[in-house]
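I have placed the structure first, in the form of structure tokens, so that the comments after it can refer back to it.
None of the values given here were measured: they were computed from a predicted structure. Throughout, a chain's letter reflects where its sequence line sits, starting with A, and its residues are numbered from 1.
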Amino acid sequence: MDELNEQRQQRIKKLDLLREAGIAPYGSRFEVKDRAGQLLKQHGEKPKDTLEQEKISCTIAGRVVALRRFGKAGFAVLQDGADRLQVYLKKDHLSEQAYTVVEQLDLGDWIGVTGTLFRTKTNEFTVEVHQLTFLSKALRPLPEKWHGLTDVETRYRQRYVDLIANPQVHQIFSTRSRIIAGIRAFLIERGFLEVETPMMHPIPGGAAAKPFVTHHNALGVDLYLRIAPELYLKRLIVGGFPRVFEINRNFRNEGISTIHNPEFTMLEFYVSYADYQDLIALTEELVSSLAQQLLGKTVIPYQGKDIVLTPPWRRWSYHQAILEVNALDPSVLQDREKALAAAQRLHVPVDPKASLFTIINEIFEETVEPNLQQPTFITDYPIDISPLARRKDSDATLTDRFELFIAGREIANAFSELNDPLDQRERFEGQAVQREAGDDEAHLVDEDFLRALEYGMPPTAGEGIGIDRLIMLFTDQASIRDVVLFPQLRPEKP
RNA sequence: GAGCCGGUAGCUCAGUCGGUAGAGCAUCGCCCUUUUAAGGCGAGGGUCCUGGGUUCGAGUCCCAGCCGGCUCACCA
């Protein structure tokens with residue numbers, strides 16, 4: 001803090017000077033009549049003469065992000081949302097008090113101005129200011145004007161500074177908001193009801209993941225931050241809502257990486273009477289139409305490569321993909337020893353005691369997933385790794401399920417829901433066996449969920465989409481931390 | 001959790017072989033009424049991440065730790 005004091009003390013001194021001149025350094029209401037972006041759009045292309053004839057008056061507010069003063073006049077650049085507009089501050093045009101403000105102005109301060117639009121000698125679209133209202137004093141200096149703020153730790157810890165200094169970061173989070181709004185509109189248009197289900201669960205369910213634990217004092221019970229909303233949303237299908245969705249946070253007590261944050265945003269939606277094939281079509285339409293709407297195209301750049309979101313996307317069965325990518329004989333899918341040998345040959349590290357489906361899944365993750373750069377629906381997952389999904393009619397060892405991969409990452413997971421309460425109970429019991437065998441992420445039996453299914457759930461298809469990863473794709477970001485406003489970091493030392 | 005890389009002024013960064021810690025921007029003073037990385041002249045500003053050690057002497061070498069990034073592990 002001490003090293004900051006020089007600049008900070010200077011600014012506090014100016015703050016006092018403003019007070020002495022009768023100006024509130026932390027003001028109140030200001031009637032903003034115009035926005036910089038809208039002025040640029042409406043008048044920004046008009047030639048000098050036209051602006052001089054029209055004498056357009058405007059009132060805008062914003063943060064001073066550049067200041068070029070000379071003698072008794074100067075230019076400031078105001079940042080108003082995503083837009084920047086230059087204002088001209090000339091002593092002759094301002095009251096004595098207003099010019100006092102100009103003299104004490106620092107980078108970072110907020111001001112409101114009223115004036116007329118014109119073009120400077122260098123043809124810059126500018127507001128000639130006649131009235132100036134001081135709105136708020138910044139006591140800390142802004143990062144350097146040319147390089148901005150690049151220190152990654154500071155960018156994440158003090159996102160407010162990142163947003164001030166880096167317009168492209170501002171843009172990413174604006175896009176994030178528009179993507180989520182677009183998804184919401186898409187679903188509501190198709191008859192979905194948006195719902196909110198509990199974030200605190202007595203039994204963490206709906207996914208295989210380690211939960212965060214918390215405690216409710218009055219009830220005297222431990223609760224878990226949800227790892228997925230799935231089991232609650234299906235209760236609502238039982239309750240008779242035919243189409244529901246929820247966009248909200250899930251919490252998983254696991255590692256942090258460029259594609260994992262402990263809290264992340266998930267869209268889950270459920271469609272009565274539909275199956276997973278219907279969701280394949282819906283997913284293609286949702287993602288490609290969002291791309292068209294927000295980016296104006298369905299072939300989008302991601303980390304130096306083009307991703308083709310134009311439907312239709314590739315469909316590839318889980319087992320076919322494993323066999324084709326590795327040129328394996330189908331018998332490895334049935335024989336644990338053969339699978340183990342194949343894994344070793346392919347340099348896929350596996351526990352020699354692992355079950356057949358675990359070995360096969362390791363091979364899938366190691367060899368197939370990285371190849372799924374263009375959008376691909378991997379279908380027909382084995383039942384052993386799909387405890388909530390409906391069995392295939394044609395093969396009881398597989399499920400009516402798909403996962404969507406783009407850029408080598410899982411983006412969505414969907415299936416025809418298992419609505420047979422007796423089968424579901426058996427699956428939960430199978431999970432309990434896996435849990436006892438040491439898999440602490442196997443699903444827990446949720447008796448109330450089973451009771452709900454026993455009241456009858458219509459045939460239903462459900463899907464979860466990882467919103468942060470989708471946003472990474474749309475905004476061409478390599479790290480989830482760059483699409484989450486306040487990513488999780490170790491607490492700062494006091 | 002492991003490996004690699006990084007942490008020096010408010011910000012962006014240099015710092016040679018171990019020998020008094022630097023630049024640009026920002027800040028302060030003076031000049032300047034159309035600039036736009038404005039300009040000119042002058043000035044101030046440092047827990048070199050922290051703690052040990054080696055040394056006559058450490059930003060620099062060694063050890064331990066903290067924080068961050070990336071990769072891996074983990075995460076169906």
- Between B:rC70, B:rC67, B:rU27, which nucleotide has the shortest distance from any of its atoms to the side chain of A:D106? B:rU27
- Query: Reckon A:K14 has a side-chain N or O less than 4.0 Å from the OP1 or OP2 of B:rC28?
  - Reply: yes
- Item | Who pairs with B:rA38 - Watson-Crick or G-U, where each distance is under 3.5 Å | none
- Tell me the partner of B:rG1, counting only Watson-Crick (N1-N3 plus N6-O4 or O6-N4) or G-U wobble (N1-O2 and O6-N3) with both under 3.5 Å; none if nothing fits. B:rC72
- Residue A:E124, side-chain atoms from C-beta onward, closest of B:rU35, B:rG45, B:rA26: B:rU35
- Query: Between A:T120 and B:rU35, is there a side-chain N or O to OP1/OP2 distance below 4.0 Å?
  - Reply: no
- Watson-Crick or G-U wobble partner of B:rG10, both distances under 3.5 Å: B:rC25
- Task: Report the base-pairing partner of B:rU47 (Watson-Crick or G-U wobble, both distances below 3.5 angstrom), or none.
- Result: none
- If each of A:A208 and A:Q488 is mapped to the nucleotide of RNA chain B with the nearest heavy atom, which maps nearer the 5' terminus, i.e. the 5' end? A:Q488
- What is the distance, rounded to the nearest whole Å, between atom CH2 of A:W146 and atom C1' of B:rU12? 13 Å
- Query: Using atom P of each nucleotide, how far apart are B:rU55 and B:rC62 to the nearest Å?
  - Reply: 16 Å
- Item | Euclidean distance for P, B:rU47 against B:rG40 (whole angstrom) | 30 Å
- Message: I'd like the C1' distance from B:rU8 over to B:rG24, given in whole Å.
- Response: 15 Å
- Could you tell me the separation between the CD atom of A:E128 and the C1' atom of B:rU33, rounded to a whole number of Å? 12 Å
- Query: Whole-Å distance between B:rC32 P and A:E103 CD?
  - Reply: 12 Å
- Can you find a side chain N or O atom of A:K145 that sits less than 4.0 Å from OP1 or OP2 on B:rA26? yes
- Message: I need the CZ-C1' distance between A:R140 and B:rU27, as an integer number of Å.
- Response: 15 Å
- Residues A:R155 and A:D482 bridged, charged N to O under 4.0 Å: yes
- Query: Starting at CG of A:D162 and ending at P of B:rG69, how long is that distance when rounded to a whole Å?
  - Reply: 13 Å
- Message: Could you check whether A:Y156 and A:D162, counting side-chain N and O atoms only, form a donor-acceptor pair closer than 3.5 Å?
- Response: no
- Task: Using the P atoms only, state how far B:rC74 lies from B:rG7, rounded to an integer number of Å.
- Result: 31 Å
- Task: Between B:rC48 and B:rC13, how far apart are the C1' atoms? Round to whole Å, please.
- Result: 14 Å
- Should the pair A:D423-A:R390 be classified as a salt bridge under the 4.0 Å nitrogen-to-oxygen rule? no
- Would you say A:F75 stacks on B:rU35, if stacking means ring centres under 5.5 Å apart and planes within less than 30 degrees? yes
- Query: Expressed in whole Å, how much space separates the P atoms belonging to B:rG45 and B:rA9?
  - Reply: 15 Å
- Query: So, is A:T258 near the phosphate of B:rU71, with a side-chain N or O under 4.0 Å from OP1 or OP2?
  - Reply: yes
- Is it true that a side-chain atom of A:R11 and a backbone atom of A:E6 form a donor plus acceptor pair closer than 3.5 Å? no
- Query: What is the distance, rounded to the nearest whole Å, between atom CZ of A:R69 and atom C1' of B:rA37?
  - Reply: 17 Å
- Does the side chain of A:R68 get closer than 4.0 angstrom to OP1 or OP2 of B:rU35 through an N or O atom? no
- Query: In whole Å, what is the span from the CG atom of A:L67 to the P atom of B:rC28?
  - Reply: 10 Å
- Look at the side-chain N and O atoms of A:R490 and state whether any lies under 4.0 Å from the OP1 or OP2 oxygen of B:rC66. no
- Message: Counting C-beta onward and ignoring hydrogens, is there a side-chain heavy-atom pair between A:R249 and A:M199 closer than 4.5 Å?
- Response: yes
- Donor-acceptor pair between A:E263 and A:N250 side chains, under 3.5 angstrom: no
- Note on the structure: Closest to the 5' end of RNA chain B, once A:V77 and A:I256 are matched to their nearest nucleotides, is A:V77
- Note on the structure: Atom CZ of A:R84 and atom C1' of B:rU35 are separated, to the nearest Å, by 16 Å
- Query: Where do A:I259 and A:I480 land on the side chain to side chain contact (heavy atoms under 4.5 Å, CB included) test, with the steps shown first?
  - Reply: CA-CA 5 Å; A:I259 53 170; A:I480 196 168; 5.5 Å; no
- For the side chain of A:R481, counting heavy atoms from C-beta on, which of B:rG69, B:rU33, B:rU34 is nearest? B:rG69
- For residues A:W313 and A:T283, determine if any side-chain heavy atom of one lies less than 4.5 Å from a side-chain heavy atom of the other. yes
- Looking at every strand, decide which applies to A:Y99 at a 4.0 Å heavy-atom threshold: base, sugar-phosphate, or nothing. nothing
- Between B:rU12, B:rU35, B:rG69, spot the one nearest the side chain of A:L489, thanks. B:rG69
- Note on the structure: Among the nucleotides B:rG45, B:rU33, B:rG69, whichever has the atom closest to the side chain of A:Y156 is B:rG69
- Query: Does a nitrogen or oxygen in the side chain of A:S257 sit under 4.0 Å from OP1 or OP2 of B:rG69?
  - Reply: no
